[in-house]
Amino acid sequence: MRFAVVGDSTLDIVVVPDRRGRHAGDVPAQIRLGPGGQAANVAVRLARRGESVRLVAPLADDLAGRLLRDALEEDGVSIAPLPARRSAAVAVLLDAGGERTMLSDRQPLAAAPAAAALADVDWVHCSGYALLDDATGDALAAALGARPSSVRLSVGGGSLPPERALVARFRARLRSAAPQVCLLSRSEAGAMIGRMSPSALEAAAQLATLADVVVVTAGADGSAATLGGELMTAPPVVTPGAVVDATGAGDAYAAALIARLAAASWPPRPGQLRRAMAAAGRLGARVARVAGAQGRVAGERRRAP
């Protein structure tokens, strides 16, 4: 299968303070730089599975852009750079439990060149961040909706806030794009249905009309999905070790899920979807136990020199 992933590639600046911040003070912290971005994270995980994948993302010819290009090419990701005034960057503040708060400097994604970069692929995965952008989201959704009928589309993530008007616009863009698969975290699903912290199963049931397959992830509590009106769950994954950095774990889940579904019949059979969800949960759990959104885990391929 030939995959294209649409969204962002960012330089992540991860900050782990040693103690609570002090206003106008200087607090010791661990700080590291690394590649990230929801779309790039998915693309890298697909490439490490041996898949053919193209990343369609804004990238400028600046220091951050060159660092990101080098990292992506090292993992075997083909890059279709879109015009950008500067390359995107995200400051990630990690707490003691590995959960993160993100301060994002994302760059707008030009819909027309993005659509042109999707030629000759079998599966497109689009970051929710790109569809949430009011400047270009409508045009991007329309372009995705005009794809050939043989090309499947998945949409995932985006840290959707519980803002009613924005949720309505996001729903409209999903209808325009007509994805086969929609992936949401439990908090994103809560924003969609207007009630925070629903169970993953309840959220999947209420959002079943968004796509052929709707998957709601709940971190350590597993995930739930709906397929043709049938509800199913994947149990929590028990993985040794503490959570180090949850950044990128959901993107790893998405990559493993769509890689499995791309190899299945369509629509997938319930057993195929359950196995894909279980495999995705295992990868997401392993990724949460390494540092960095694209931190390598056991079993991932390295590109031959």
Mark yes when over 12 heavy atoms from residues, nucleotides or ligands other than Arg269 sit less than 6.0 Å from its CZ; otherwise mark no.
no
Would one find more than 12 heavy atoms of other residues, nucleotides or ligands at under 6.0 Å from atom CZ of Arg195?
yes
Hey, are the side chains of Pro35 and Leu11 touching, using non-hydrogen atoms and a 4.5 Å cut-off?
no
Looking only at heavy atoms, the pair that brings Pro58 and Gly7 closest together is CD-O, 3.2 Å
If Ile, Leu, Val, Met, Phe, Trp and Tyr residues are connected whenever their side-chain heavy atoms lie under 4.5 Å apart, and connections chain through other members, are Leu231 and Leu184 in the same group?
no
Ala276 to Arg260 - nearest heavy-atom pair and separation:
CB-CB, 3.5 Å
Got a salt bridge between Arg286 and Glu300, using NZ or NE/NH1/NH2 to carboxylate O under 4.0 Å?
no
Using the rule given for side-chain hydrogen bond (donor to acceptor under 3.5 Å, both in side chains), can you reason through Gln272 versus Ser265, listing the C-alpha separation, both sets of side-chain angles and the distance that settles it, and then say yes or no?
CA-CA 9 Å; Gln272 291 174 319; Ser265 58; 3.1 Å; yes
Could you go through the side-chain hydrogen bond (donor to acceptor under 3.5 Å, both in side chains) check for Gln294 and Asn41 one step at a time?
CA-CA 6 Å; Gln294 295 175 19; Asn41 296 341; 3.0 Å; yes
With distance as the sole criterion, is a donor-acceptor pair present between the side chains of Ser223 and Tyr253 under 3.5 Å?
yes
Any side-chain heavy-atom pair from Val155 and Leu183 closer than 4.5 angstrom?
no
Please examine the side chains of Leu131 and Phe170, heavy atoms only from C-beta on, and report whether any two atoms are closer than 4.5 Å.
yes
Measure the shortest side-chain to side-chain distance between Leu109 and Leu82 over non-hydrogen atoms and say whether it is less than 4.5 angstrom.
yes
Quick check against the 3.5 Å criterion: does Glu188 have a side-chain atom that pairs as donor or acceptor with the backbone of Ser159?
yes
CA sep, side-chain torsions, deciding dist, call: Asp105, Arg86, salt bridge (Lys or Arg N to Asp or Glu O under 4.0 Å):
CA-CA 10 Å; Asp105 179 17; Arg86 61 184 179 276; 3.0 Å; yes
Nearest heavy-atom approach of Asp8 to Arg106 is OD2-NE, 2.5 Å
Run the salt-bridge test on Arg45 and Asp251 with the 4.0 Å N-O cut-off and return the result as yes or no.
no
Any non-hydrogen side-chain atom of Val213 less than 4.5 Å from a side-chain atom of Val215?
yes
Would you say Leu55 and Met1 are hydrophobically clustered, going by side-chain heavy atoms of ILVMFWY under 4.5 Å?
yes
Salt bridge Arg2-Asp120, side-chain N to carboxylate O under 4.0 Å
no
Test: Arg54 cationic atom under 6.0 Å from Phe3 six-membered ring centre, within 45° of axis
no
Could you tell me whether Arg296 and Asp75 have a side-chain N and a carboxylate O separated by less than 4.0 Å?
yes
Could you tell me whether Glu74 atom CD has more than 12 heavy atoms of other residues or ligands within 6.0 Å of it?
no
Would a 4.5 Å heavy-atom cut-off, applied to side chains only, mark Pro179 and Leu174 as touching?
yes
Can Val6 be reached from Ile79 by stepping across I, L, V, M, F, W or Y side chains whose heavy atoms are under 4.5 Å apart?
no
Ignoring hydrogens and geometry, is there a side-chain-to-backbone donor-acceptor pair from Asp12 to Val92 under 3.5 Å?
no
Could you tell me whether the side chains of Asp245 and Thr247 share a donor-acceptor contact shorter than 3.5 Å?
yes
Using the rule given for salt bridge (Lys or Arg N to Asp or Glu O under 4.0 Å), can you reason through Arg169 versus Asp133, listing the C-alpha separation, both sets of side-chain angles and the distance that settles it, and then say yes or no?
CA-CA 10 Å; Arg169 294 194 296 274; Asp133 188 337; over 6 Å; no
Decide yes or no on side-chain contact (heavy atoms from CB on, under 4.5 Å) for Ser185 and Val216, but give the supporting numbers first.
CA-CA 5 Å; Ser185 69; Val216 178; over 6 Å; no
May I ask you to say whether Asp122 pairs ionically with Arg152, meaning some side-chain N is under 4.0 Å from a carboxylate O?
no
All heavy atoms of Ala60 vs all of Ser87, minimum pair found to be N-OG, 3.0 Å
